[in-house]
Every structure is written in structure tokens, then in C-alpha cells.
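Dropping the structure in here first, questions after.
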Protein chains: 2
Amino acid sequence: MEKKFVEELTSQKEDFSKWYTEVVLKADLVDYSPVKGCMVIKPYGYAIWENMQRILDEKIKATGHVNAYFPLFIPKSFLEKEAEHVEGFSPQVAWVTKGGDEELFEPLAVRPTSEAIICSMYSKWIQSWRDLPVLINQWANVVRWEKETRPFLRTTEFLWQEGHTAHRTFEEAEEEALRMLNVYKDFVENDLAIPVIAGRKTENEKFAGALHTYSIEVLLADGRALQAGTSHNLGQHFAKAFDIMFQDVDGERKYVWQTSWGVSTRLIGALIMTHGDDYGLVLPPRVAPYQIVIIPIWKSETDKTKVYNYVDEIYEVLRKYFRVKVDKDEEHTPGWKFNEWELKGVPVRVEIGPKEVEKQELYVARRDLRIKMSIKRENMVQDLENLLRDIQKTLFEKALRFREENTYEIDNFEEFKRIMDTKRGFVKASWCGDGECELKIKELTGATIRNIPLDWKEEEGKCILCGKETKIKALFAKAY
Amino acid sequence: MEKKFVEELTSQKEDFSKWYTEVVLKADLVDYSPVKGCMVIKPYGYAIWENMQRILDEKIKATGHVNAYFPLFIPKSFLEKEAEHVEGFSPQVAWVTKGGDEELFEPLAVRPTSEAIICSMYSKWIQSWRDLPVLINQWANVVRWEKETRPFLRTTEFLWQEGHTAHRTFEEAEEEALRMLNVYKDFVENDLAIPVIAGRKTENEKFAGALHTYSIEVLLADGRALQAGTSHNLGQHFAKAFDIMFQDVDGERKYVWQTSWGVSTRLIGALIMTHGDDYGLVLPPRVAPYQIVIIPIWKSETDKTKVYNYVDEIYEVLRKYFRVKVDKDEEHTPGWKFNEWELKGVPVRVEIGPKEVEKQELYVARRDLRIKMSIKRENMVQDLENLLRDIQKTLFEKALRFREENTYEIDNFEEFKRIMDTKRGFVKASWCGDGECELKIKELTGATIRNIPLDWKEEEGKCILCGKETKIKALFAKAY
Ligand SMILES: [Zn+2]
Ligand SMILES: [Zn+2]
């Protein structure tokens with residue numbers, strides 16, 4: 001039974017991309033919709049997002065931000081106010097041109113991001129230095145017309161949060177941009193168990209309209225990079241375009257300094273591609289919809305009563321501490337259920353048969369290492385708490401080890417090219433700082449500079465392509 | 001100071017509609033956006049919505065539902081599948097006709113409600129009676145192109161939750177529609193402190209595409225009714241249009257029975273118009289962003305230190321039990337702050353001056369009755385808990401009394417007309433059941449049948465308009 005079931009899932013080695021598509025569908029995370037490039041996030045997938053939202057929202061509020069909601073639609077003329085911004089986004093905009101039976105005088109963009117609409121309000125709200133800083137976040141859907149889409153990683157519509165702040169000085173904006181980058185790093189590493197590299201984007205790769213952009217980058221199991229979150233110092237670009245001015249302490253009218261930052265449902269893709277294995281999803285306990293699934297096992301009706309009673313008793317205790325599911329479905333065999341819940345990535349499976357009842361034990365399987373052990377009923381809460389904590393930690397360490405094993409420090413362009421053509425991974429290499437060089441490297445190898453990591457020290461070296469002397473070390477990878 | 005400030009707010013009696021507009025703007029709940037009919041929900045307004053969401057989401061989940069997310073866009077052909085549905089909604093649809101530079105082959109509706117897209121998925125997901133019931137809810141934004149808009153009550157874009165369920169039998173769907181109507185009634189009455197009348201809509205007033213619709217109706221302070229939530233038994237209308245069939249226990253293929261139900265940010269409007277007074281908002285403690293605001297009062301610097309220390313100490317205790325704000329802003333006088341937080345409807349204000357420090361007391365003002373009292377520091381948590389509970393209860397009772405005083409049982413059409421022309425209110429009157437009569441009454445009086453209340457017994461009577469014998473008593477009102 002187990003064998004047959006597992007055979008249905010393509011192995012990661014065989015075809016990672018196919019494995020991913022199969023997992024997201026079979027684990028009931030998403031489904032394709034009749035609208036091109038838009039996905040349906042099914043209840044099990046959405047529950048992961050709800051857990052992420054709850055945790056991240058708390059961190060965003062703890063750093064002094066409040067939530068608000070701005071309109072979905074942005075008048076065309078507003079989107080066009082900031083030149084780089086409109087250039088970057090207009091090829092991706094969905095346009096509303098008709099309301100009811102009436103043709104609109106001015107088309108409305110379905111927000112691809114909300115800088116333009118939010119800045120138009122800030123110019124009204126901000127008058128004095130006393131109104132600063134403005135620290136607002138929004139949870140919303142956004143739309144970017146994409147040619148090629150993949151569930152979670154790139155879809156026409158997606159869910160995200162976008163923070164938009166305004167400050168008195170450049171320094172405050174810079175501090176804020178870095179603060180939120182660190183909030184993301186903390187969240188992704190500690191709650192999603194995914195190690196990230198935080199750094200600054202190059203001019204070529206920065207956000208359309210930003211002064212500069214920071215990102216956190218993840219190395220996925222197939223050796224590709226995924227940008228998991230970004231934080232932008234917008235400088236005064238939008239302030240000037242939208243006339244956001246304040247009277248400063250010195251009496252002078254000045255433009256504000258702004259930031260924006262966001263993470264999206266794309267993080268679910270990062271989660272799957274970092275921790276998943278040939279048996280399916282592996283979810284970190286902090287965000288798993290169910291942390292524990294209990295499966296009763298019985299043959300005779302007498303056993304069934306005994307087992308169900310015991311299961312009900314332990315469930316009543318465990319549900320106070322954990323997110324627990326009891327699978328009493330009688331259509332399927334225990335073996336089928338084992339596979340099903342492994343596929344769905346539940347961190348801990350508890351099997352309860354007559355033997356466990358008799359011994360007052362729980363037979364416990366951890367999803368990450370696929371090992372089993374018995375624990376005593378009397379210690380179960382503490383033992384399960386420790387187990388979940390250990391799974392969370394082990395997942396992070398495993399992912400970190402993988403990243404370390406797949407990060408190469410290289411000073412030879414041919415070797416660089418060979419790595420990108422074969423196993424891929426992160427490459428640390430010297431770069432002269434020239435955007436032309438960067439684009440040429442992309443053309444020749446498919447790799448882009450993911451970012452200039454913040455904690456990499458300056459080091460003498462020669463640009464991997466042109467050989468010019470430089471102190472910059474950049475993080476290269478093929479990206480999703 | 002107080003007088004001047006209060007004069008700025010139009011009184012309810014003078015012009016209720018103007019009062020409403022002023023309150024939502026001055027209390028910082030919303031702002032108008034550059035997009036016609038779309039509002040910005042500002043942080044203070046959004047915090048009310050977040051509290052509502054948290055409480056209602058819990059109730060929706062406790063009744064067995066799970067959340068999911070479906071696409072914002074609905075292909076035109078899908079919206080057209082159910083005839084009544086498209087007829088009801090198409091005048092209000094915003095259409096996306098262009099994506100990037102490409103003209104779309106088929107226009108996409110920005111969802112005015114999600115039956116069409118969700119049903120298209122259900123037809124794929126549901127195969128057997130074992131797949132039923134499907135109990136899914138979604139929190140989302142929707143767009144309805146409106147000619148006249150008012151903040152919260154009617155806006156082009158608004159936020160809501162929409163439940164969509166599928167069942168084996170008519171009876172199960174009917175039970176579900178009524179269950180969710182009761183969840184709404186419980187939520188609106190117990191958490192928002194707004195009494196509602198639950199009943200069934202007439203054929204003229206039901207949801208476009210439903211078999212029948214239930215609603216909860218609120219009587220607002222200006223004598224108008226507001227539909228605060230609806231729950232529809234969709235019958236098999238959508239199942240037939242979207243081919244949602246299942247193999248039943250008896251082996252036969254049958255159409256499912258469906259429901260849908262929703263409440264929206266409109267509830268914030270109901271809240272304001274039910275509890276507000278000439279001093280501004282009055283928020284029920286269960287959903288108030290801050291339940292308690294603490295205002296330190298001092299003149300000398302010595303007093304300031306003493307007062308601030310005391311305030312910090314009690315804040316550290318109170319924040320563990322309540323949502324508390326300390327207003328240390330030194331730009332404004334205590335008097336200004338009193339007015340400001342009254343305007344914002346915070347249920348309890350705590351004033352702390354040197355006298356309170358000395359006596360180890362808190363000087364407490366309740367927003368609803370505008371009365372003040374001293375409480376002992378040592379009992380403060382218990383006393384404030386009781387006070388907040390009493391405010392919640394008092395607000396409900398006051399609103400209930402208002403409704404009772406403004407509900408008229410009438411059997412004379414001239415009197416009916418006179419009431420609708422003057423003070424308005426709820427009218428209980430006999431109705432023959434004929435839709436023509438209903439429309440004629442609307443034409444002559446401006447009043448519509450809000451619903452046929454579920455707990456009103458059948459009573460012999462004569463139709464208020466045509467005089468025909470009937471047993472139906474209907475709830476009439478002028479509605480928003
Ligand atoms: Zn170079
Ligand atoms: Zn009649």
C-alpha cells in the first residue's frame with residue numbers, strides 16, 4: 001500500500017519541478033482556477049498562510065506599525081507620477097476600463113503594489129514633523145499580469161502584506177528599511193525554519209522607484225534562489241512625485257523620506273521547496289495547520305471502543321497545547337492515512353492501537369527524520385513540546401547545512417559557468433560593481449546577483465567576468 | 001475648550017447624515033480616496049474591523065468552517081451562467097479588459113461576490129456524497145460599481161467575508177443558512193451590542209440567484225433600517241448552472257444544495273449609527289481598538305514625575321487584561337484629549353492627577369453615560385472588568401429600548417405613511433404576500449419590507465395596502 005502511494009509522487013531527483021507541482025496539488029494546497037495565472041488557495045494551504053499572517057502581523061505591530069486598508073484601484077495618472085515606477089510596473093498591470101455599462105474616463109489599474117495610491121493619501125495626511133513617522137501596513141491582494149506562472153511562486157494575483165512608511169530624515173528611513181528586513185529574517189528563519197541571506201540589491205535588480213532595495217534570499221532544494229522578501233528605501237522619489245511635504249522643526253518645508261516592504265504567499269512556495277522530500281510536504285511546527293495528527297488503529301469492535309476512548313482522552317488534553325487533528329475516517333486504512341498525512345507534512349503523527357492503550361503510551365513518528373518512538377502518556381505534553389521544538393530546529397539546521405554545502409566561493413568564470421549549468425547553488429564571487437558586467441554574466445550563465453550580503457566583509461578580488469580589481473563580493477544564483 | 005470643540009460636530013438632531021460624515025472623518029475612521037466611491041480605511045477604523053474579524057472568524061470556525069481564497073477575477077461567461085445572478089449583478093460590475101498591453105479575449109469581472117468562481121471549483125471538487133458538506137469561508141475585498149456612496153454603508157470596494165457551502169439535501173442547506181444567520185445575530189448582538197431582527201426576505205428583496213434569503217435588520221438612530229447581514233439558501237440554482245453533482249448513497253447522481261452568507265465593513269456603519277451621540281463615536285468594549293485610555297494630568301514638574309510613574313505602573317498591570325492606550329502627548333491639554341477620546345468613542349477614560357496618586361485611586365469616566373467615579377487602585381482590574389461588561393450591556397439595552405420605542409404596530413395605511421414621512425422607525429403590519437402590493441407600498445411611502453421576522457407568529461389581519469385577509473406580518477422600514 002505505502003509503496004504504491006509513494007510511487008505516485010515524482011521524486012525530487014527525477015524532476016524537481018514536476019515534484020513541486022504534484023505536491024502542491026496532492027497535498028491540497030492549491031488548485032488551478034479558470035482564470036489564467038490565478039490560483040485557488042485551498043483550505044489546507046490557506047491555513048498555512050493564516051498561521052504566517054498571525055505570527056508576522058504580531059511582529060509588525062510589535063515594531064510600532066498599524067494596519068489600514070487602501071483602495072484596490074489606482075487611477076492611471078497616479079501610477080504614472082513616478083517615472084521609474086510606472087516603467088517597471090505598467091507591462092504587468094490589469095486595467096479596469098468599464099464600470100457597469102459606463103466606459104471609464106480614466107482607466108483604473110488593479111494595484112500591482114500600492115505606493116501610488118498610498119502616497120496620494122500621505123500627501124494629504126502629512127503636514128508637520130509632528131505627523132511623522134507614519135508607520136502603516138496593509139494585508140491585501142495584488143495583481144501582476146504574468147506570462148508564466150507557478151503556484152505560490154509567481155501568480156497573477158497573490159496575497160501579501162505591504163508596509164509603507166514616511167520619515168523626517170534619510171537616516172530614519174534607512175533604519176526602518178533595515179529594521180523590517182530583520183523582522184523578515186527573524187520570521188523566515190525562526191518561524192519558517194528557512195535560512196536566508198540578507199543583503200542589498202544591485203541597481204539593476206532594485207524595486208522600480210526605490211533609492212535602494214534590500215532582500216532576503218533563500219536557496220531552494222533544486223539549487224535555485226528565491227527572493228523571499230524585500231524592503232525598500234524609497235528615498236524622496238515618491239515624495240517628490242506626490243508632493244509629500246512637511247514643515248520641519250526648523251520651519252522649513254521638506255520632502256519626507258519613505259520606505260516600503262513586503263512578503264507574500266510566495267513564502268509558502270519557499271517553505272515547500274526548502275523542506276519537502278520525496279514523501280511530500282514537511283511543515284515546520286510553528287506554521288503547520290496541524291502540528292499533530294492522531295490515527296487510531298484497531299481491528300475488533302472491542303479494540304475500537306478502547307482505542308477511541310483513549311484517543312478522545314488524550315485529544316482533550318493535547319488540544320489545549322497543540323493544533324491537533326484526530327483522523328477517525330473509516331473509509332481508509334491506517335497505512336493510507338500514514339501516507340496521506342506524510343504527504344501533507346504534519347510534523348508529528350501519533351499512532352494509537354490496543355498496545356498503546358494497554359501500556360498507556362503514544363507511538364510517535366516524526367515527519368522530518370521519519371523515525372518512530374514510544375512516549376509515556378504521563379509525560380506526553382512535555383515530550384511532544386520538546387519534539388516539536390526539536391523538529392523546528394532540525395529543519396532549520398538541515399536547510400542551513402544544505403545551503404552551506406551548496407555555496408561556492410569562486411574566482412574562475414569557467415567554473416562559475418559550469419556550476420550554474422550543472423548543480424547550481426549560491427556562488428560567492430567578486431564583482432566590479434558595473435551593471436553591464438552584471439548583465440553580461442546573466443546572459444552567459446543565467447545567474448543574477450541576488451544581493452550584496454550585509455554581513456560579508458569587503459575583500460580584495462578581481463571581478464569574476466572582467467577581472468577588474470574590486471572589494472565587492474556578490475551572491476550569485478539562478479533565481480525563480 | 002470643551003464647548004468649542006463639541007460645537008464643531010453637527011448634532012444628530014440637526015442633521016444626522018452630516019453628523020455621520022463628520023464623525024467618520026473626525027474620528028479618523030476613513031478618508032475619501034481619489035478613486036470615486038472607494039474609501040481608505042484608516043488605522044483606527046481598521047482596528048475595529050480587525051477586532052470584528054477576529055471574533056467572527058472564531059465563530060465561523062467553531063461551526064465547522066474553514067477559510068480559503070478564490071481569485072479576484074471572474075470570467076464574463078462564468079458570471080453569466082446563472083441567469084438571475086447575472087441580471088442582478090451585471091449593472092454593478094467593474095470589468096478588466098486589458099492585461100499589460102494585451103486586450104483580453106474575454107473580459108474579467110472584478111468579483112462583486114464569488115458564487116460564480118467558487119461554484120466552478122466546487123463542480124470539480126465534489127464527486128461523491130462523501131465529499132459533502134463543503135463548508136468554506138473567504139475573507140476578501142469585493143467591488144460593486146455604485147452611483148451613490150457613503151463611507152462603510154455603501155462603497156464601490158468593501159471588505160467582507162463570504163461563506164459558500166454545499167450539501168446533500170435541501171434540509172441540510174436550510175439548516176446551514178439558518179445556523180449562520182444565528183451566528184450573525186449572536187455576533188452583532190453580543191459583540192457589537194446591536195439588537196437585530198432576523199427574518200426572511202421577500203421574493204422582491206432576495207439575493208440574485210437565491211432560492212430564498214434571510215437577513216438581520218438593524219434600526220439606526222435616525223429611524224432608518226440597515227441590512228446588517230444576509231444568509232442565502234441557494235437551492236440548486238447554481239448547482240444546475242455550474243453542474244455541481246455528486247453520487248449519492250443510493251448511487252444516483254444529484255445536484256448539491258448550496259448556501260452563501262456574508263457580512264461586511266458595513267457593520268462598522270451600523271455600529272456608529274446605533275451607538276454614536278453628539279459627542280462622537282461610542283464603541284462597545286468588545287470591538288473597541290482601545291478599551292481604556294489613560295490621561296495623565298499635572299502642572300508642576302514634580303507632579304509630572306509622580307503622575308507619570310503612577311501611570312506607568314498601572315499601565316503595566318492593565319495592559320495584561322485590556323487594550324489600553326496612555327496619552328502622554330504634551331502638545332494638547334487634558335481637556336482637548338478628553339474631547340478627542342470621547343469623539344473616538346473609547347469606552348473608559350482614566351484620569352490620573354496628583355490627587356489620584358496620593359489617594360491610590362483612578363478617576364474613571366464611562367463614555368456611554370458620561371458619568372465619572374473614583375475606583376481604588378487595589379481593585380482596579382476587577383472594577384474595570386465589571387465596568388466594561390456593564391457598558392457593553394448598557395449599550396445593547398439602550399439600543400433595544402430605542403428600537404422598541406420606535407417600532408409601531410399599524411393597521412391603517414395613512415398612519416403608516418405618516419410615520420414613514422416623519423419620524424420613521426420599524427413598522428409591523430399585515431401584508432397579503434403579493435409582490436405588487438409590496439412595490440406599491442414602496443412607491444407610496446419609501447418603505448420596503450425588511451424581512452418577515454422568524455419569531456413573529458402568524459396573526460389574522462388585513463393587508464395594510466389592499467385590505468386582503470392574510471396571516472403574514474412583515475417588518476417595514478425605510479432602508480439605507
Ligand atoms: Zn566586471
Ligand atoms: Zn396586499
Side-chain angles (χ1 to χ4, degrees), chain A residues 31 33-47 49-50 57 65-75 77-78 90-102 104 107-108 110 117-118 120-121 124-125 130 136 138 140-141 143-147 156-157 159 265 331, chain B residues 31 33-47 49-50 57 65-75 77-78 90-102 104 107-108 110 117-118 120-121 124-125 130 136 138 140-141 143-147 156-157 159 265 331:
Chain A
D31 200 357
S33 87
V35 187
K36 201 179 142 288
C38 290
M39 64 177 172
V40 173
I41 308 181
K42 296 182 81 173
Y44 193 66
Y46 197 78
W49 181 239
E50 283 184 301
D57 190 65
H65 305 84
V66 286
N67 288 333
Y69 188 77
F70 295 85
L72 172 68
F73 298 137
I74 304 176
S77 56
F78 282 68
S90 68
Q92 289 192 298
V93 169
W95 294 102
V96 172
T97 60
K98 223 179 133 184
D101 295 325
E102 143 205 17
L104 302 190
L108 298 171
V110 181
I117 189 79
I118 292 181
S120 79
M121 301 310 297
K124 188 175 161 189
W125 296 346
R130 287 196 188 87
I136 292 182
Q138 161 170 285
N141 54 343
V143 169
R144 296 180 189 173
W145 213 257
E146 299 280 1
K147 300 232 183 301
T156 298
E157 184 189 10
L159 304 180
T265 34
E331 290 300 315
Chain B
D31 199 356
S33 87
V35 188
K36 203 180 140 286
C38 290
M39 62 178 173
V40 173
I41 308 181
K42 295 181 82 174
Y44 193 67
Y46 197 79
W49 181 241
E50 284 184 299
D57 191 65
H65 305 84
V66 286
N67 288 333
Y69 189 77
F70 295 86
L72 172 67
F73 298 138
I74 304 176
S77 57
F78 281 69
S90 67
Q92 291 192 295
V93 169
W95 293 103
V96 171
T97 60
K98 223 178 132 184
D101 296 326
E102 140 206 18
L104 302 189
L108 298 171
V110 180
I117 189 80
I118 292 181
S120 79
M121 301 310 298
K124 188 174 161 190
W125 295 347
R130 287 195 190 88
I136 291 182
Q138 161 169 283
N141 54 342
V143 170
R144 295 180 189 174
W145 214 257
E146 299 280 1
K147 299 232 183 304
T156 297
E157 183 189 9
L159 304 180
T265 35
E331 290 299 315

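Naming convention: chains lettered A, B, ... in sequence-line order (proteins, then strands); numbering from 1 in each chain. Only heavy atoms go into these numbers, but all of them, side chains included; no hydrogens, no water, no symmetry mates. What you see is a predicted model; the values in this text were computed from it and never measured.
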Which one wins on heavy-atom pair count under 4.5 Å against chain B: A:V143, A:T265, A:D101, A:I118? A:V143

Top contributor to chain B contacts, counting heavy-atom pairs under 4.5 Å, from A:L72, A:V93, A:V35, A:T97: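 Of A:L72, A:V93, A:V35, A:T97, A:L72 has the most heavy-atom pairs under 4.5 Å with chain B.
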
Any idea which of A:S33, A:A140, A:P107, A:P34 has the most non-hydrogen atom pairs under 4.5 angstrom with chain B?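 With the most close heavy-atom pairs to chain B, the winner is A:P34.
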
Side chains of residues 36-47 of chain A: which donor-acceptor pairs under 3.5 Å do they make with residues two or more places apart or in other chains?
unit_1	atom_1	unit_2	atom_2	d
A:K42	NZ	A:D28	OD1	2.8
A:Y44	OH	A:K344	O	2.7

B:L104 CG to A:W95 CH2 distance, which is reported to the nearest 0.5 Å: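 Output value for this atom pair is 13.0 Å.
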
The criterion is side chain to side chain contact (heavy atoms under 4.5 Å, CB included); which residues satisfy it with A:Q92, sequence neighbours excluded?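 Listed in chain order: A:F89, A:R144, A:E146.
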
Please look at A:W125 and chain B and tell me whether the side chain, the backbone, both or neither of the residue comes under 4.5 angstrom of a heavy atom of that chain. side chain

For each of B:P71, B:P75, B:A94, tally heavy-atom pairs with chain A at distances under 4.5 Å, and name the one with the top tally. B:P71

So which of B:I136, B:V96, B:L108, B:V66 has the largest heavy-atom pair count under 4.5 angstrom toward chain A?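 Of B:I136, B:V96, B:L108, B:V66, B:V96 has the most heavy-atom pairs under 4.5 Å with chain A.
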
Side chain, backbone, both or neither of B:E102 within contact of chain A (heavy atoms, under 4.5 Å):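 Side chain only.
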
If you count heavy-atom pairs within less than 4.5 Å of chain A, which of B:P91, B:S120, B:S90, B:G99 leads?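 Option with the greatest count: B:G99.
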
Whatever's closer than 4.5 Å to a heavy atom in chain B on A:Q138 counts as neither

Roughly how far, to the nearest 0.5 Å, is CZ of B:F73 from CG of A:N141? 8.5 Å

